[in-house]
Amino acid sequence: MTIKFLISLSLLISLLAACAWAANDRNDEAISSADLILTSGEFSDGKHTGVVSNSDGLTLDSRSVTGRYTSPMMDAPLAYNAIVPQWHADIPEAASLNIRLRTGTDNGWWSDWFVIEENDDWMVAEDTDKVGQMIVVPAVDVTHQKFQFSVSFSRYEGKSAAVLQQLRLTFIDSSSGPTIQEMAAQQEALDTSQPEEAVSGYPKPTVISREVWCTDPACDYSD
């Protein structure tokens, strides 16, 4: 993992943990996370269409200019409500690689496929790994137990194909944290205890302040 991503993910989990503590006033429901690393060995299972898995990773076969790999339906290492994807790939200029992911439950329900977009805020120019946008399960206060991903490849005729060498998925369970409604109620109580600020005649927008979403002593409210 990149240093910037590790710091960002650590801050995110710390923030979620602080929110959970503020909402529940207890420590017994910590925010949980777990990594799952998939490499060439794990890519051998699943459906390969114009794609092969070898010692280097996942790539197009020698005859194809487009192809797709679809993984089996897999069990996550923990029940989760968010996933952060990260991948290491060699992508030549005349080739492309696109990743999709969907989440599922033990009772057989599956979400639509999410197209994984790169998250520039969690990367710097010299990073060799790519970090994707966080995927959140499409329901409030629900955790999912399964996932599935697919990888699409394309290249120009006669050019080298992209190779996916590693896919890392960070599963996060923040379900013990507060809901938006709970934080809004905390904010309303905080607002009533503070002096009314002058406004310019326009309605004041709803804002969840740092006093509500970060109760950790490390939070600095001076700037």
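Reckoned from all heavy atoms, side chains included, excluding hydrogens, waters and symmetry mates. Remember, it's a predicted structure, so these values are computed and weren't measured experimentally.
Taking Asp90 as the reference, nothing meets the salt bridge (charged side-chain N to carboxylate O under 4.0 Å, His left out) condition, with sequence neighbours excluded. Remark: Thr105 pairs with Asn107 by the side-chain hydrogen bond (donor to acceptor under 3.5 Å, both in side chains) rule, at least two apart or across chains. Every residue two or more places apart in sequence or in another chain was checked for a side-chain hydrogen bond (donor to acceptor under 3.5 Å, both in side chains) with Asp112, and none qualifies. With sequence neighbours excluded, the residues forming a side-chain hydrogen bond (donor to acceptor under 3.5 Å, both in side chains) with Ser152 are Arg68, listed by chain and number. Under the side-chain hydrogen bond (donor to acceptor under 3.5 Å, both in side chains) criterion, Ser40 pairs with no residue at all, not counting sequence neighbours. Residues satisfying the ring pair (Phe, Tyr, Trp, His ring centres under 6.0 Å) criterion with Tyr80, sequence neighbours excluded, are Phe171.
Listed here is the closest heavy atom pair of Pro92 and Ser160: CG-O, 3.8 Å. Taking both residues in full, the closest heavy atoms of Ser150 and Thr70 are given as CB-OG1, 3.9 Å, listed atom of the first, atom of the second, then distance. Closest approach of Gln148 and Pro72 over heavy atoms only: CG-O, 3.7 Å. In plain terms, the two heavy atoms of Ala89 and Leu97 that are nearest each other are CB-CD1, 4.1 Å.
Linking Ile, Leu, Val, Met, Phe, Trp and Tyr residues whenever their side-chain heavy atoms come within less than 4.5 Å places Phe147 and Leu78 in a single cluster. Grouping the Ile, Leu, Val, Met, Phe, Trp and Tyr side chains by contacts below 4.5 angstrom, directly or via other members, places Leu167 apart from Val115. One hydrophobic cluster, built from ILVMFWY side chains closer than 4.5 Å, cannot hold both Val163 and Leu38; they sit in different ones.
Annotation: the span from Thr128 atom OG1 to Lys130 atom NZ amounts to 9.0 Å, rounded to 0.5 Å. Interatomic distance, CD1 of Ile135 versus CZ of Arg100, reported as 12.0 Å (0.5 Å rounding). Residue Ile116 holds its CD1 atom at 5.0 Å from CG of Leu101, rounded to the nearest 0.5 Å. Within the model, atoms OG of Ser53 and OH of Tyr69 stand 7.5 Å from one another, a figure rounded to the nearest 0.5 Å. A distance of 8.5 Å separates CE of Met74 from CG of Leu169, quoted to the nearest 0.5 Å. Note that CD of Glu42 and CD1 of Ile37 are 9.5 Å apart. Values are rounded to the nearest 0.5 Å.
Val51 places none of its side-chain heavy atoms less than 4.5 Å from the side chain of Asp61. A heavy-atom distance below 4.5 Å is not found between the side chains of Phe114 and Gln133. Residues Lys146 and Trp109 have side chains not in contact (no heavy-atom distance under 4.5 Å, counting atoms from C-beta outward). Within the 4.5 Å cutoff, side-chain heavy atoms of Asn81 are placed close to those of Asp173. Annotation: side chain of Val52 is in contact with side chain of Thr59 (closest heavy-atom distance under 4.5 Å). Here the side chains of Met134 and Ile172 are in contact, with some heavy-atom distance below 4.5 Å. The shortest side-chain heavy-atom distance between Tyr156 and Val65 does not fall under the 4.5 Å cut-off. A heavy-atom distance below 4.5 Å is found between the side chains of Pro138 and His144.
Of the possible donor and acceptor atoms, one in the side chain of Ser71 sits under 3.5 Å from a partner among the backbone N and O of Phe149. With hydrogens and angles disregarded, a donor-acceptor distance shorter than 3.5 Å links the side chain of Gln145 to the backbone of Asp106.
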- Message: Please determine whether side-chain contact (heavy atoms from CB on, under 4.5 Å) holds for the pair Glu118 and Trp87, giving the CA-CA distance in whole Å, both sets of side-chain angles, and the decisive distance to 0.1 Å.
- Response: CA-CA 10 Å; Glu118 293 181 13; Trp87 61 96; 3.9 Å; yes
| query | How far apart are the C-alpha atoms of Thr39 and Gln165, what are their side-chain angles, what is the distance that settles it, and do they pass the side-chain contact (heavy atoms from CB on, under 4.5 Å) test? | reply | CA-CA 6 Å; Thr39 56; Gln165 298 159 336; over 6 Å; no
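Counting only N and O atoms by type, the side chains of Ser154 and Ser96 include a donor and acceptor under 3.5 Å apart.
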